[in-house]
Amino acid sequence: MKKVFKIGCLGFVMLFVLGIVISMLSVKDDPGTTTANSAANVSANEKPEATKQPAKEAQIKSIGEELKVGDVVFKVNKVSTTKEIKDGPYLSYKTDSDGSVFYIVNVTVKNDGTKMISTDSSFFQLKKGEVTYTPSMLITTSQEFFLFDGINPGLSKTGNVAFEVPKDVTDFVLNVQTGFFGTEQGQIKLK
């Protein structure tokens with residue numbers, strides 16, 4: 001009976017994750033915010049260059065430094081690699097190939113806002129040049145890994161994010177975002 005209950009709970013979590021992924025993929029740009037409409041609103045006497053605001057310089061921090069993105073503060077505490085992630089005595093995750101490792105990023109996320117925020121491993125990506133690595137989907141019973149965690153104002157949570165990457169690739173940049181749609185982002189060098 002316990003086994004059936006665990007399988008049912010795991011199935012429910014997977015359906016919930018699938019629903020979020022589908023909703024993220026189905027979001028389309030609002031046609032009212034296209035650059036063509038913005039250009040049409042500029043008067044004939046104004047030059048479009050005058051209406052452009054200077055681009056914000058991207059914040060790039062390093063391991064151990066705090067990066068504020070909107071109302072969220074991110075700090076990478078450490079990184080490590082492993083071939084296997086164990087979750088209790090019965091469950092473990094192993095890499096899919098001999099040429100890969102799990103790259104584990106230990107992150108502290110702090111809510112500097114006035115409302116509860118949610119965070120999940122999908123809010124993180126590893127980048128190496130033009131290549132982007134997404135987190136491995138780990139459904140664990142431990143609280144070590146980020147999985148739809150709520151963080152109240154003024155509080156922080158420390159957890160891990162796991163990525164399966166080629167074992168000979170190093171010097172990644174961690175891309176962080178403040179929500180499911182990634183409206184505010186920042187980067188942390190992992191050297």
Taking side chain as C-beta onward, heavy atoms only, is [X] less than 4.5 Å from [Y]?
X	Y	answer
Lys189	Ile63	no
Phe124	Leu174	yes
Val69	Val176	yes

If I take atom [atom1] from residue [X] and atom [atom2] from residue [Y], how far apart are they, to the nearest 0.5 angstrom?
X	Y	atom1	atom2	result
Thr178	Gln185	OG1	CD	8.0 Å
Asn175	Ile188	CG	CD1	9.5 Å
Gln187	Leu190	CD	CG	10.0 Å
Asp120	Gln177	CG	CD	10.0 Å
Gln125	Tyr133	CD	OH	12.5 Å
Ile85	Lys94	CD1	NZ	12.5 Å

Candidate list Asn111, Thr108, Ile151, Val109, test side-chain contact (heavy atoms from CB on, under 4.5 Å), partner Ser156, passing option: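 When side-chain contact (heavy atoms from CB on, under 4.5 Å) is applied between Ser156 and each of Asn111, Thr108, Ile151, Val109, only Thr108 qualifies.
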query: Going hydrophobic residue to hydrophobic residue with side-chain gaps under 4.5 angstrom, can you get from Leu67 over to Val173?
result: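 The answer is no; the residues belong to distinct hydrophobic clusters.
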query: Between Thr132 and Lys127, does any side-chain donor sit less than 3.5 Å from a side-chain acceptor?
result: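 A pair is found: one side chain offers a donor N or O, the other an acceptor, under 3.5 Å apart.
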Pairs under 3.5 angstrom only: tabulate donor-acceptor contacts from the side chains of residues 100-107 to other protein residues two or more places apart or in another chain.
unit_1 : atom_1 : unit_2 : atom_2 : d
Ser100 : OG     : Ser97  : O      : 3.1
Ser100 : OG     : Ser97  : OG     : 3.3
Ser100 : OG     : Glu164 : OE2    : 2.7
Asn106 : OD1    : Asn77  : ND2    : 2.8
Asn106 : ND2    : Asn160 : OD1    : 2.9

- prompt: How would you list, by chain and number, every residue that makes a side chain to side chain contact (heavy atoms under 4.5 Å, CB included) with Ser118, sequence neighbours excluded?
  reply: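 Side chain to side chain contact (heavy atoms under 4.5 Å, CB included) list for Ser118, sorted by chain: Met116.
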- prompt: Can you name the residues that form a side chain to side chain contact (heavy atoms under 4.5 Å, CB included) with Asp112, not counting sequence neighbours?
  reply: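 With sequence neighbours excluded, Asp112 shows a side chain to side chain contact (heavy atoms under 4.5 Å, CB included) to Lys68, Val73, Lys110, given in chain and number order.
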query: Of all heavy-atom pairs between Pro153 and Gly113, which one has the smallest distance, and what is that distance?
result: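 Minimum heavy-atom separation between Pro153 and Gly113: CB-O, 3.3 Å.
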- request: Please report the shortest heavy-atom distance between Glu66 and Lys61, naming the atom on each side.
  value: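 Taking Glu66 first and Lys61 second, the nearest heavy atoms are O-CE, 3.5 Å.
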task: Compute the centroid of each ring, for Phe172 and then for Phe163, and state whether the two points are separated by less than 6.0 Å.
output: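 Between Phe172 and Phe163, the centre distance exceeds or equals 6.0 Å.
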- request: List the steps, then state whether side chain to side chain contact (heavy atoms under 4.5 Å, CB included) holds for Val72 with Phe74.
  value: CA-CA 7 Å; Val72 183; Phe74 296 91; 3.5 Å; yes
